[in-house]
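Some notes on the structure that comes next.
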Amino acid sequence: YHLDFHSFSRRLASDLILEQAEIFAVQGGPVLITGETGTGKGEIARMIHGLSRREGRFVTVNCSAIPPDLIENELFGHEKGAYTGAGEAADGLVARAEQGTLFLDEIGELPMEGQTKLLRLVQEGRYERIGSSETRNTTARFLFATNRDLEKDVEAGRFRSDLYFRISTFELRIPALRERPADLHMLIDHFLWLAARKFHREKIVMTDGARALLERYSWPGNVR
């Protein structure tokens, strides 16, 4: 399921994003959130978790920050003595997200080995700690985000096609700020209001010419 924001250009894109987040929140399956850096993918993931009313925590992991040889340990945890330095058993991120949501940011940066291990988890909801043969089940819900074009990565052999199809059944694309002129003016008004409070001014306004300049800017960093 994909939402095309270009067909709703007269409405605030942020309103449409919120509506779609509400729909995805209740269906419970994996959701892939795509968009350029700085568009607010992490905030949308947190919103979906909040709207889902799941009892557990919202747990975040940045896939680009985990060394390939530590992915399994980070996600699944380990038993005491599973490797040198494992003085006691420890839960992984999946266990910490029990009855909650595990948000895997920058999923497109996950190495192929990690993708293989993740596929079974998402597909079956099952995993084993390092050093254990006991299969565990999880009730965690999985959300994913990326600024990459995963379809092209699949074609180039950088991302597993079976994992891509598993996580992208429900996809929410966050448009770049340059595609959201109505949202841009809402953000301008918001930051003017914040500036007025900070500098103890009753009101701070921006000229039409200044707003026109901002409309023409490409906003490479988006909302950030």
Side-chain angles (χ1 to χ4, degrees), residues 1-8 11-54 56-66 71 74-75 93-94 96-97 100-111 114-115 118-119 121-123 125 138 140-154 158-180 182-184 186-187 219-224:
Y1 185 98
H2 304 267
L3 182 67
D4 182 8
F5 286 91
H6 294 289
S7 61
F8 298 98
R11 294 184 56 190
L12 282 174
S14 56
D15 288 345
L16 295 164
I17 292 169
L18 292 176
E19 289 178 12
Q20 201 63 26
E22 290 179 356
I23 294 172
F24 288 163
V26 298
Q27 55 83 22
V31 177
L32 176 63
I33 306 169
T34 62
E36 295 179 4
T37 298
T39 50
K41 298 185 292 297
E43 295 303 316
I44 295 301
R46 189 176 295 276
M47 184 177 302
I48 290 175
H49 168 72
L51 292 170
S52 71
R53 298 183 180 178
R54 295 181 69 85
R57 292 183 292 176
F58 179 79
V59 179
T60 301
V61 56
N62 188 324
C63 296
S64 65
I66 306 177
I71 291 172
E74 287 289 316
L75 289 176
L93 296 171
V94 177
R96 296 174 204 168
T101 301
L102 179 59
F103 173 50
L104 294 98
D105 198 8
E106 304 294 351
I107 186 63
E109 306 299 328
L110 192 66
Q115 295 175 31
L118 182 62
L119 175 62
L121 175 68
V122 178
Q123 188 165 275
T138 180
R141 197 242 183 112
F142 303 103
L143 303 179
F144 306 88
T146 184
N147 58 12
R148 299 178 63 95
D149 186 333
L150 292 186
E151 288 189 16
K152 290 184 178 180
D153 284 348
V154 168
R158 292 189 295 267
F159 200 86
R160 290 184 61 119
S161 60
D162 46 7
L163 179 59
Y164 170 68
F165 292 124
R166 175 61 62 176
I167 69 176
S168 65
T169 303
F170 295 95
E171 180 177 345
L172 178 54
R173 186 183 76 85
I174 312 299
L177 188 54
R178 61 183 174 275
E179 302 174 52
R180 300 155 51 182
D183 282 1
L184 174 60
M186 179 181 64
L187 288 167
W219 297 104
N222 291 293
V223 179
R224 185 176 293 140

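These numbers come from a predicted model, not from an experiment. Only heavy atoms go into these numbers, but all of them, side chains included; no hydrogens, no water, no symmetry mates.
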I'd like to check the salt bridge (Lys or Arg N to Asp or Glu O under 4.0 Å) partners of Arg96; sequence neighbours left out, ordered by chain and number.
none
Any side-chain heavy atom of Ile17 within less than 4.5 Å of one from Pro175?
yes
Counting only heavy atoms not in Gln123, do more than 12 sit closer than 6.0 Å to its CD atom?
yes
Rounded to the nearest 0.5 Å, the CD atom of Gln20 sits from the CD1 atom of Ile44 at a distance of 11.0 Å
To the nearest 0.5 angstrom, please state how far the CG atom of Leu119 sits from the CD1 atom of Ile167.
10.0 Å
Interatomic spacing from CH2 in Trp219 to CD in Glu179 - rounded to 0.5 Å
15.0 Å
Per the salt bridge (charged side-chain N to carboxylate O under 4.0 Å, His left out) rule, what does the pair list look like for residues 159-170, sequence neighbours excluded?
Arg160-Asp162
Taking atom CG of Leu121 and atom CG of Leu104, what is their separation to the nearest 0.5 Å?
8.5 Å
Please enumerate all residues that pass side chain to side chain donor-acceptor pair (under 3.5 Å) together with Arg180, with sequence neighbours excluded.
Asp183
According to the side-chain hydrogen bond (donor to acceptor under 3.5 Å, both in side chains) rule, which pairs have a member within residues 22-38, sequence neighbours left out?
Thr34-Glu171, Glu36-Arg178, Glu36-Asn222, Thr37-Asn147
Smallest separation among heavy atoms of Ser52 and Ala25, with atom names:
CB-O, 3.4 Å
Asp153 side, atom CG; Gln115 side, atom CD - distance, nearest 0.5 Å
8.5 Å
Taking side chain to side chain donor-acceptor pair (under 3.5 Å) as the definition, give me every residue that meets it alongside Thr101, ordered by chain and number, with sequence neighbours left out.
His49
I need the minimum non-hydrogen distance between Thr39 and Ala176, along with the two atoms involved.
CG2-CA, 4.1 Å
In short, Leu150 meets Gly108 closest at the heavy-atom pair CD2-CA, 3.8 Å
Ile107: which of Asn62, Leu143, Leu32 passes side-chain contact (heavy atoms from CB on, under 4.5 Å)
Leu32
For the atom pair CD1 (Ile23) and CG (Leu51), what is the distance rounded to the nearest 0.5 Å?
11.5 Å
Using a 4.5 Å cut-off on heavy atoms from C-beta on, say whether the side chain of Phe142 contacts that of Leu118.
no
I'd like to check the salt bridge (Lys or Arg N to Asp or Glu O under 4.0 Å) partners of Glu109; sequence neighbours left out, ordered by chain and number.
Arg148
Looking only at heavy atoms, what is the nearest atom pair of Val154 and Ser161, with distance?
CG1-CB, 3.6 Å
Check Phe144 against Pro30 and note the closest heavy-atom contact, atom names and distance.
CE1-CB, 3.9 Å
Sequence neighbours excluded, which residues qualify as side chain to side chain donor-acceptor pair (under 3.5 Å) partners of Arg57?
none
Applying side chain to side chain donor-acceptor pair (under 3.5 Å), name anything that partners Thr138, two or more places apart in sequence or on another chain.
Glu98
If you take all heavy atoms of Arg141 and Gly28, which pair is closest and at what distance?
CG-O, 3.2 Å
Can you name the side-chain contact (heavy atoms from CB on, under 4.5 Å) partners of Ala145, sequence neighbours left out?
Ile33, Lys41, Phe103, Asp105
